[in-house]
Structure formats: C-alpha cells, structure tokens
Amino acid sequence: MEKTLESELVRLAKAGNMPAFETLYRTYNSRVYNFALQLVGSAEDARDLTQEAFIRAWSALPTLRSDETFGVWLHRIVFNLSKDLVRKRSKQRSFSLDGDNQSSNGEPLERQFQGQLPGPEESAVANEVEAAVRKAVDSLSSDHRVVVTMHHFEGMDVDSIAKILRVPKGTVMSRLSRAREILRRKLIPYVEEG
Amino acid sequence: MDTPRDKQCEQIRNSLADFLIGHMSKHTKSAVQRHLDVCEACRNELAALQRTGELLSMISLPEAPDLWPAISAKLETRVPSLPRQLSWWFVRHQLQSAVAVVLILIISTMFLITGNQSVHEPRPETYLTTHASMSWRQPFADRAALGLATTLPAEIDREESR
C-alpha cells in the first residue's frame, strides 16, 4: 500500500474511523496471519493471535508514533503476543520451538500448509517445486523460519525485521544467510544445474 | 587429502550466503570476488544459492481466513471510558501529566496558604486603632499617627478624659 494512503488511513483509524481500520486489516491480514503461523505453527493459534493483534492494535493506535510504520508496529504486536502464547503453551505441555518441527499444538508443522497449496489448475511442476520449498521452509528452526517468512515471503527489509524481532541487524542477516545455506542443501534438485 | 585450494574453496563457500546478502566487510567481499573470478566451482555454488533465494521469492502466502466479522464484533462491544485520544494522551505523556498534577497541587497549596493568612491579618480599622494608641504621645514622630489624628475611636477619648 502506498505510504501516503496508509498514513491517511492510520490517521483516520486513530480518530476512531472503523472503515479505515478495516482497510488496514484487509491490507495486512494475510501477512499477519502467515507471520503468526510461522511463529506458533498452528492454524488455530495463528487465527487467535491475528484476531487479538488487530483488536490490540485498534486500542493502542493512539500510541503509534509518526515515525513508525503501521506494518512494523503491527508485526511487533503479533510477535509479543506469540511469545506470551508460546510461554503459556509450554507450561501446559513439554514443548520446544527451536530446532523442532512441532507446532504449538503438537502437530508436525508440515501439516500446516496442507490445504493451502496451489490448486490443480496450477502446473504440476510449479506445484511440485512450491511444495518442496514449503516443506523445506517448514523444516527450519523457528528463528530461521521466521526471518525467511518475513524477508522472502512478505518482502520485509532487514531493518524492519530487526525492529520487530528486537535483535541487531547483523543477527537478522546471519539468520537469513544460515537459512539460505540449509535450504540450498535441502533443495538440491531445484537449485543445481544439470 | 585437501589441498590449500580445496580449503580456500571451502572457506569461500561457507561465506557465500553472507556475500549474497551483503553481510561482510568490503575487504572480505573483495577477497571473495577475486576468488570467484578464478573458481568455477565456487561460482556454481553462488548460483545455486541465488536460485534458492529466487525459489523462496516465488512462494505466495497462503490465503488467510477472514477474521473481520469476529474482530469488528469484539470492537463494537467495547465501551470506551474516556475519549480514545484523551485517555491515550495521558498514558503517552506520562511525564507531562505528572508535571501538570504537581503544578496544580503547588498552586492549590499556595492559594490555600495565602487565603488563610488574609483571615488572620488584622482588619485595617483594628490596626489603625492600635497604632494610634501606641503613638499618641508623640503624634508628630509617626506618620501613621498623623494620618489618624482625626480618626481616633471614641474609646481612646474617654480614656484620656479619666
């Protein structure tokens, strides 16, 4: 969304204009949901997280500084909420995100993308490649998966990612590099010539 | 057995992902580039990493469920206690709010103190009467007494006449 249009929508939403806030929701829903999905792994939890994030955003809009972009601020709300949720879930059962392929509800992460892959009308080759890439990304650790989603799937720049995750820019770049190395080894048939 | 060239290639390949993303110093980047100029194997590895990034960029985000009906329903049931912007102004400007409260308290306290003092100050007529009584023997030594020569109360006259 163009920056000036978004600024105007944010200004209206801050003043209590619900239709403006709905437009912001429609712009960011997909990104926020998928970001949440990568953080918590479960579609059900991602849905709850997304809903809570937008509700919190509506209440906290007056605190959004003019030098902050709405998208980065919203992602930070999601990230903070996800930490609370993961903490809550880990108290309910023994659970670890890093280096683990399980979601917050205990199901293997690979299952999360079932039903969301391209339909039969897409070419078979494209389907196969996309499925392989998604499977490879799902197998990454949480830290790597999150930065790959934000940078490659959502198109966020390294600075914004660093602000959202509250880590140094160098850390984001390292994670992206390491993730790419891992994915390159997992996707040999698709990235090597001959 | 690994030759020095093999070891150098291994080192370079381990840094290619950083090279692609720009996460290295200018000096190191130049060294890597010089190696790539002469090593086809490492150039192939770089190409593979580049294609990995391209594959990732091809992935479209899965469709998200439409949560707006649930979100708007929850927002509509909320009852605001204060106008949004006003309540958040106080939250956001905590320092200014605290200073304002302290200033109000100081001004109120000063007002109360000065108000009490005026209650205890003697009324002008009482002050003048007392002053005149103390200075009547030397009326010309005291300007206040001079001013009061015609305004002595009846009680002082009766006292003198005894």
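Keep in mind that this is a model prediction, so the values were computed, not measured. In the text below, chain A, chain B and the rest are named by the order of the sequence lines, each starting its count at 1.
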Residue, of B:S57, B:G22, B:A17, B:S15, that accumulates the most heavy atom pairs under 4.5 Å with chain A: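 Answer, by heavy-atom pair count under 4.5 Å with chain A: B:A17.
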A:E130 to B:S60 - nearest heavy-atom pair and separation: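 For A:E130 and B:S60, the tightest heavy-atom pair comes out as OE2-OG, 3.9 Å.
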Spatial distance of atom CD (A:E6) from atom OG1 (A:T69) [nearest 0.5 Å]: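 Nearest 0.5 Å value for the CD-OG1 distance: 7.0 Å.
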Taking [options] one by one, which has the highest count of heavy-atom pairs under 4.5 Å against chain B?
{"options": "A:M173, A:M18, A:R178", "result": "A:M173"}
{"options": "A:A179, A:A132, A:S30, A:A46", "result": "A:S30"}
{"options": "A:H151, A:Q51, A:E22", "result": "A:E22"}

Contact origin within A:V148 toward chain B - heavy atom pairs under 4.5 Å: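 Looking at A:V148, just its side chain touches chain B.
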Contact class of A:L187 relative to chain B, heavy atoms under 4.5 angstrom: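 The side chain, not the backbone.
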Presence of salt bridge, A:R11 and A:E8, under 4.0 angstrom: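 Salt bridge: yes.
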Identified side-chain contact (heavy atoms from CB on, under 4.5 Å) counterpart of A:V147 within the set A:L140, A:T171, A:I161: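 Answer after filtering A:L140, A:T171, A:I161: A:I161.
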Aromatic plane relationship, A:H75 with A:Y28 - under 30° parallel, 30 to 60° tilted, over 60° perpendicular: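 Rings of A:Y28 and A:H75: perpendicular, as their planes differ by over 60°.
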Aromatic plane relationship, A:F79 with A:F35 - under 30° parallel, 30 to 60° tilted, over 60° perpendicular: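 Ring orientation, 0 to 90° scale: parallel.
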Interface moiety of [X] toward chain A, non-hydrogen atoms closer than 4.5 Å:
{"X": "B:N14", "answer": "backbone"}
{"X": "B:L16", "answer": "neither"}
{"X": "B:Q50", "answer": "backbone"}

Flag for B:D37-B:Q33: side-chain donor and acceptor within less than 3.5 Å: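 Checked: B:Q33/B:D37 side chains pair up, N/O donor to acceptor below 3.5 Å.
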